[in-house]
S.K.: 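Handing you a structure now.
Letters go in sequence order (proteins before strands), and every chain restarts at 1. Just the heavy atoms: all of them, side chains too, but no hydrogens, waters or symmetry mates, feed the values below.
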There are 2 protein chains.
Amino acid sequence: MSEYEHTCMIRGDGGKTLRAILDQICNKWTLLVVATLDQGTVRFTDLHHQIPGISQRMLTLTLRNLERDGLVARTVHAEVPPRVEYALTAVGKSLIAPALALAGWAIEHVPHIEASREAYLRAGSRRG
Amino acid sequence: MSEYEHTCMIRGDGGKTLRAILDQICNKWTLLVVATLDQGTVRFTDLHHQIPGISQRMLTLTLRNLERDGLVARTVHAEVPPRVEYALTAVGKSLIAPALALAGWAIEHVPHIEASREAYLRAGSRRG
DNA sequence: CGGTATCCTGCAGGATACTG
DNA sequence: CAGTATCCTGCAGGATACCG
């Protein structure tokens, strides 16, 4: 049985809705930030340390977008030194499951994909 | 119960594996092409017509990448005029399910996200 | 500590023209 | 019909410096 009847969800409006979301969560850091926040409430600096390679700028931008979309809650504690904590909202948490589905697929098929790439390269170099 | 134990799949190697795949499938057209190919075997021109807005160049590039990764099979028929047909491989088909999971999440939460964005904008303009 | 502001670069992807 | 080849542009995202 084909899944064709359901892929209209992807093709739907020419893919605009889905791609607007995909563009958002695929922007290099979003999914990583969400996954890191799945452990609970985390401070800005802790996030910065736990996500290797992210710049302060990109962490801020990513968190702002997530906050704007209602996936992450930002709490500022009126203390000195300042303390700002981030946590997933219910909607943010609900993203974890489908993200894991995709991550699972990725990890499961990486060997196949890499093998296919090498075979493709070899076939290409044989052609010239 | 938290999903924290599982999010290591996302955070795993600093997210490199997952992001390599995500970068690949999030590149604006890949998922749309895969979803369109879920109907079966489709010719190049038919794909071009069925995916509004895609250029010949991007369709070709997207298909080449999918073929290289073993998600799509390309069949050239020795005829004139030429006929080239594309179809999902088993691995390509297996991507549909997790993609649908994500698409489902996206469609389900678009209203919430858009409402959150508007609220965020209003709060911002109130601040100045 | 938790950010902004600014500058800079690579490259995804569009437009267009040509081809076996 | 099914592509290449080439040029061009916007903008994601990195580096760095400054700020309340």
S.K.: Report the distance from atom CG of A:Asn27 to atom C1' of C:dA12, rounded to the nearest whole Å.
M.R.: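 So the CG-C1' distance, A:Asn27 to C:dA12, works out to 15 Å.
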
S.K.: Taking the side chain of B:Lys28 as its heavy atoms from C-beta onward, which of D:dG14, C:dC1, C:dG13 lies nearest to it?
M.R.: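 Selected nucleotide (nearest to the side chain): C:dG13.
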
S.K.: Is it the case that D:dG3 (base atoms only) and B:Arg57 (side chain only) share a donor and an acceptor within less than 3.5 Å, ignoring hydrogens and angles?
M.R.: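 Such a pair does not exist between side chain and base.
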
S.K.: If you only use heavy atoms from C-beta on, which nucleotide in D:dA2, C:dC1, C:dG14 is closest to the side chain of B:Trp29?
M.R.: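 Closest nucleotide to the B:Trp29 side chain: C:dG14.
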
S.K.: Output yes when a side-chain donor or acceptor of A:Gln39 lies under 3.5 Å from a complementary backbone atom of A:Thr36, and no otherwise.
M.R.: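 The answer is yes, because a donor-acceptor pair under 3.5 Å joins these two groups.
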
S.K.: OP1 or OP2 of C:dG3 sitting under 4.0 Å from any side-chain N/O of A:Tyr86?
M.R.: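 For A:Tyr86, the contact criterion (side-chain N or O under 4.0 Å from OP1 or OP2 of C:dG3) is met.
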
S.K.: Which whole-number value in Å describes the distance from A:Leu61 CG to D:dG13 P?
M.R.: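 Distance check: A:Leu61 CG to D:dG13 P gives 9 Å.
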
S.K.: Could you tell me whether the phosphate oxygens of C:dG3, OP1 or OP2, come under 4.0 Å of any side-chain nitrogen or oxygen in A:Arg74?
M.R.: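 Result: yes.
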
S.K.: Taking atom P of D:dC1 as reference, at what distance in whole Å does atom CD of B:Glu79 sit?
M.R.: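 After rounding, the gap between these two atoms is 13 Å.
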
S.K.: For A:Leu47 and C:dC1, what is the distance between atoms CG and P respectively, to the nearest whole Å?
M.R.: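 A:Leu47 atom CG is separated from C:dC1 atom P by 14 Å.
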
S.K.: Of the nucleotides C:dC1, D:dG3, D:dC1, which has the atom closest to the B:Arg64 side chain?
M.R.: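 When the side chain of B:Arg64 is considered, D:dG3 is the closest of C:dC1, D:dG3, D:dC1.
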
S.K.: Rounded off to whole Å, could you give me the CE-to-P distance for the B:Met58 and D:dG3 pair?
M.R.: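 Rounded to the whole Å, the gap is 15 Å.
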
S.K.: Could you please name the option among C:dG3, D:dG3, D:dA2 that lies closest to any side-chain atom of B:Arg43?
M.R.: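 The answer is D:dA2, which lies nearest to the side chain.
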
S.K.: So how far is it from B:Ile96 CD1 to A:Met9 CE, rounded to the nearest 0.5 Å?
M.R.: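 Interatomic distance, B:Ile96 CD1 to A:Met9 CE, rounded to 0.5 Å: 11.5 Å.
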
S.K.: Closer than 3.5 angstrom, by distance alone: can the side chain of B:Thr60 be matched with the main-chain N or O of B:Gln56 as a donor-acceptor pair?
M.R.: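 Yes; judged by distance alone, with no hydrogens or angles, the pair exists.
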
S.K.: Applying the side chain to side chain donor-acceptor pair (under 3.5 Å) test to B:Glu85, which of B:His77, B:Arg74, B:Arg43 qualifies?
M.R.: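 It is B:His77; the other options fail the test.
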
S.K.: Take atom CD of A:Gln24 and atom C1' of D:dG13, then tell me their distance rounded to the nearest Å.
M.R.: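 About 14 Å, once rounded to whole Å.
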
S.K.: Counting only N and O atoms by type, is there a donor-acceptor contact under 3.5 Å from the side chain of A:Ser94 to the main-chain atoms of A:Val91?
M.R.: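 Pair found, side chain donor or acceptor close to backbone of A:Val91.
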
S.K.: Rounded to the nearest angstrom, tell me the gap between atom CG in A:Asn65 and atom P in D:dC11.
M.R.: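 Checked: the CG to P distance equals 15 Å.
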
S.K.: So which nucleotide from D:dG3, C:dG2, D:dG14 ends up closest to the side chain of A:Pro82?
M.R.: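 Output: C:dG2.
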
S.K.: Among D:dG3, C:dG3, C:dG13, which is the nearest nucleotide to the side chain of B:Gln56?
M.R.: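 Per side-chain heavy atoms of B:Gln56, the pick is D:dG3.
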
S.K.: D:dA2 P sits how many Å from B:Ile54 CD1, rounded?
M.R.: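 Answer to the nearest Å: 14 Å.
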
S.K.: With a 4.0 Å cutoff (strictly under), does any side-chain N or O of B:Thr45 reach OP1 or OP2 of D:dA2?
M.R.: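 Yes, because at least one side-chain N or O of B:Thr45 sits under 4.0 Å from OP1 or OP2 of D:dA2.
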
